[in-house]
Amino acid sequence: VQASIDPAVAMAAAQDQHAELDRSALRSLSETLAQRPSREWPRFQWVHLVSFDHEAHTSGPDSENARQNLRQIDRELGPVLEKIRAAEAQ
């Protein structure tokens, strides 16, 4: 017996997985910053946010889905960037 998977359900699950990977990466970065004084922060930090990459390949880089995804990333990345800017202003 072969089960049939609804492609829309599979796509939604993949999008949720990618969004959770992004949130996890941003949590990790935020924790790194919180655990150390700003003078000990890394000079360079690479964070690969996979949800936009996935969405752009799936729906197109200029699609509304991709734009919505970028807005979500912006909302989640904003507090991290504010923390960095505040430390730089000191």
*Tell me, please, which residues at least two apart from Gln45 pass side-chain contact (heavy atoms from CB on, under 4.5 Å).*
Leu29, Pro42, Val47

*With sequence neighbours excluded, tell me which residues meet side-chain contact (heavy atoms from CB on, under 4.5 Å) with Ala66.*
Phe52, Glu55, Ser63

Output all residues satisfying salt bridge (Lys or Arg N to Asp or Glu O under 4.0 Å) with [X], sequence neighbours left out; order by chain, then residue number.
{"X": "Glu31", "answer": "none"}
{"X": "Arg27", "answer": "Glu20"}
{"X": "Arg71", "answer": "Glu64"}

*asked:* Between Ile73 and Leu26, is the side-chain contact (heavy atoms from CB on, under 4.5 Å) condition met? List the steps.
replied: CA-CA 10 Å; Ile73 289 171; Leu26 292 173; 5.6 Å; no

Could you tell me the separation between the [atom1] atom of [X] and the [atom2] atom of [Y], rounded to the nearest 0.5 Å?
{"X": "Asp53", "Y": "Thr58", "atom1": "CG", "atom2": "OG1", "answer": "9.0 Å"}
{"X": "Leu77", "Y": "Ile84", "atom1": "CG", "atom2": "CD1", "answer": "8.0 Å"}
{"X": "Glu88", "Y": "Ser38", "atom1": "CD", "atom2": "OG", "answer": "9.0 Å"}

_Looking at every non-hydrogen atom in both residues, tell me the closest pair between Arg67 and Asp62 and how far apart they are._
NH1-O, 2.9 Å

*Which heavy-atom pair separates Ser51 from Ala19 by the least distance, and what is that distance?*
CB-N, 4.0 Å

*Does Thr32 reach the main-chain N or O of Ser28 with its side chain, forming a donor-acceptor pair under 3.5 Å?*
yes

*For Arg75, all residues meeting side chain to side chain donor-acceptor pair (under 3.5 Å), sequence neighbours excluded*: Gln72

*asked:* Tell me whether Trp46 shares a hydrophobic cluster with Val50, the cluster being built from Ile, Leu, Val, Met, Phe, Trp, Tyr side chains joined at under 4.5 Å.
replied: no

_Modelled atom types, side-chain donor and acceptor of Asp22 and His18, under 3.5 Å_ = no

